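Computed from a predicted model, the values in this text were never measured in an experiment.
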Amino acid sequence: MNFTRWSARLPGTQRRAAARTEHTVVPDRRGEGSVPAARAERQTDDPPDDTPTVPAVDDLPTREILDRIPALVALVHGPDHRTAYVNDAYVAAFGVRPLGEPAREALPELDTLGLLPLLDQVLRSSRPRTVKSRKAPSGRSYTITCTPVDVPSGAEQSDGGVLIFAADVTDHAEAAERLRASERRQRETAVTLQRSLLPQELEQPDDLRIAAVYHPGGTETAVGGDWYDVITLGGGRTALVIGDVMGRGVRAAAVMGQLRTAVRAYARLDLPPHEVLQLLDGLATEIDPNQIATCVYAVHDPNEGRLVYASAGHLPILVRDESGTVVRADEPTGPPLGTGGWTHSSGSIPLGPGSTAVFYTDGLVERRNEDLDEGIAALERALAGATGNPQVVCDRLVRSTGVTADHDDDVAVLVLQHPARTGSDSELFRNAALELLGGVEAAPRARAFASGVLTSWRFPPDLHDLGVLAASELVANSLQHGIPPMRLRLRRTDRRLIVEVTDGNDHLPRRRRADPADESGRGIAIIATIASNWGSRRAPGGGKSVWCEFALPRPTP
């Protein structure tokens, strides 16, 4: 092969050196071609003096320049990529390579690196191609550039060739891998923290069926601060919350955990939703003045058939009624938590038997280059056709919105259903109420009403007597400390009996120890002793409600 004619096609200094230099060649000691006579002479002459002569670059032939550089260089030509040249660095990395043989046999490392198809592309397109950080069998990593060249194969014609230039980037590749490993560990820590702070098992109220899913962002995305929770408040009522802390990583997950814990504490106060958000807003400001979060907090009362909610900059709740019609929860929507100084307000939306409500974070509906309302509208259409239990609905909504393993944002979805109960199941969920007009006959009338209702519900004698006693004590407390209107309500579910008395006085009772000489003050203490749970709350329109619960015996299998 005429290497001098090939070198004439190289640019710059190499071309000038090749044009000026006429040298004699002798067989190379590796048997892979020829070397300049100057190099052969250096091998046979006497040892040089102590001051070696460094030739100028322009005085070196092309091949000797390529042999001196630390990068790996090889030249192949023809459709089967026959080996024409490899430099010293290439030989040091992969060993001696025979010339004139196809690259598939002579240069198997190129096949291992997946470069043979790339060589075909370079020949066809006459355009250079580069692949980054390919790992060779030796364990070293190389960034490889393949450049098309003309390689003379005879006096009248030339074959297309490819010059392969491989730079060793092992140190950079290992540093990058260490960085990626560190990022993976940090992400795994954040995901573990995030999942540990979410409820491991959702509370399941008597009147609702609930499911939730959480999907962290893809492996290249830092985990965010999405969360949800279900809190049974007693008296048949249930609080539901979903939120999203702005930002990503361990910090966002930690703030999320503090807010979720605070929500559970504030929920036990049985406050209206907007008052819970007011408390959360102040807490979020104290946790981190630069951190904000969106949140929606809702309370379901089966006696009212509505969902009362308040929103702090969060996306609207969606509700599908029994007929399949989907509606969005209207305003009010206040600013996000952590902004401080704002007043939130509560709204409500019907949630009767057969209805399904969906709470979600923005990762489910927000997409780049798409309007957010379009994403919500698409979710509404998906909800309209999503039937089945809450877990099935969750999975269908996630699939319909295109959430995959490499999604670029966290996704949290909370689905609740208020089942329409029929047949024998409906017998396990009963309500009975009595308006109390006051006067001396109110207490005996309440006892008689409670006894008749519990007898018709076929309660065992011991539970019947406890229910009548609880109704009598709560009514007596209301008659002594409350004001009209007053009402006694009995409610049974498949798990518990609930006795509740409402009146027009805002003052909440508290348990206290009565002295032996006191003629009153023992009612709430009696209720706390005989009931499995009790509590009180202020009504949104004024007045209060005092309730207690009794667990029903589980049916024998």
Considering non-hydrogen atoms only, spot the tightest contact between [X] and [Y] and give its length.
| X | Y | value |
| --- | --- | --- |
| Asp226 | Leu198 | O-CD2, 3.9 Å |
| Tyr142 | Ala93 | OH-CB, 3.9 Å |
| Val411 | Val413 | CG1-CG2, 3.9 Å |
| Ala262 | Leu280 | CB-CD2, 3.9 Å |
| His344 | Ala312 | NE2-CB, 3.7 Å |
| Leu277 | Leu337 | O-CD2, 3.7 Å |

Could you please spell out the steps behind the side-chain contact (heavy atoms from CB on, under 4.5 Å) verdict for Val263 and Ile231? CA-CA 9 Å; Val263 168; Ile231 309 162; 4.0 Å; yes
Would a distance-only check, ignoring hydrogens and angles, find a side-chain to backbone donor-acceptor pair under 3.5 Å from [X] to [Y]?
| X | Y | answer |
| --- | --- | --- |
| Thr83 | Glu101 | yes |
| Arg396 | Thr387 | yes |
| Tyr360 | Pro316 | yes |
| Arg82 | Gly100 | yes |
| Thr325 | Asp321 | no |
| Gln417 | Ala211 | no |
| Ser346 | His274 | yes |
| Thr361 | Ala412 | yes |
| Arg127 | Leu123 | no |
| Thr261 | Gly257 | yes |

Please tell me if the side chains of [X] and [Y] come closer than 4.5 Å, counting only heavy atoms from C-beta onward.
| X | Y | answer |
| --- | --- | --- |
| Asp244 | Asp362 | yes |
| Asp120 | His81 | yes |
| Val245 | Trp227 | yes |
| Ile210 | Pro390 | no |
| Pro128 | Cys146 | no |
| Val86 | Leu107 | yes |
| Val241 | Cys295 | yes |
| Val213 | Gln391 | yes |

Just say parallel, tilted or perpendicular for the rings of His300 and His418, cut-offs at 30° and 60°.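 Judged by the thresholds at 30° and 60°, the geometry between His300 and His418 is perpendicular.
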Matching residue for Val162 among Thr147, Leu118, Leu119, Leu115 - test: side chain to side chain contact (heavy atoms under 4.5 Å, CB included):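 With Val162 as partner, side chain to side chain contact (heavy atoms under 4.5 Å, CB included) holds for just one option, Leu119.
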[atom1]/[X] to [atom2]/[Y] distance, rounded to the nearest 0.5 angstrom?
| X | Y | atom1 | atom2 | result |
| --- | --- | --- | --- | --- |
| Phe359 | Leu307 | CZ | CG | 5.0 Å |
| Leu416 | Thr356 | CG | OG1 | 7.5 Å |
| Ile349 | Leu318 | CD1 | CG | 8.5 Å |
| Leu113 | Ser141 | CG | OG | 9.5 Å |
| Leu202 | Asp229 | CG | CG | 7.5 Å |
| Asp88 | Arg68 | CG | CZ | 10.0 Å |

Run the side-chain contact (heavy atoms from CB on, under 4.5 Å) test on Thr401 and Arg367 for me, step by step, so that the C-alpha distance in whole Å, both residues' side-chain angles and the decisive distance to 0.1 Å come before the verdict. CA-CA 10 Å; Thr401 52; Arg367 301 292 182 270; 3.9 Å; yes
Test side-chain contact (heavy atoms from CB on, under 4.5 Å) on Tyr309 and Leu240; report intermediate values, then the result. CA-CA 9 Å; Tyr309 67 91; Leu240 307 114; over 6 Å; no
Is atom CZ of Arg328 surrounded by more than 12 heavy atoms (other residues, nucleotides or ligands) closer than 6.0 Å?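 Enclosed.
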For Glu105, is the CD atom crowded, meaning more than 12 foreign heavy atoms sit under 6.0 Å from it?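 Counting neighbours around CD of Glu105, more than 12 heavy atoms of other residues, nucleotides or ligands fall under 6.0 Å, so yes.
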Evaluate the side-chain contact (heavy atoms from CB on, under 4.5 Å) criterion for residues Leu315 and Thr294: first the C-alpha distance (whole Å), next the side-chain angles of each, then the deciding distance (0.1 Å), finally the verdict. CA-CA 8 Å; Leu315 299 174; Thr294 64; over 6 Å; no
With a 4.0 Å cut-off on N to O distance, would you call Glu109 and Arg97 a salt bridge?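 So Glu109 pairs with Arg97 through a salt bridge.
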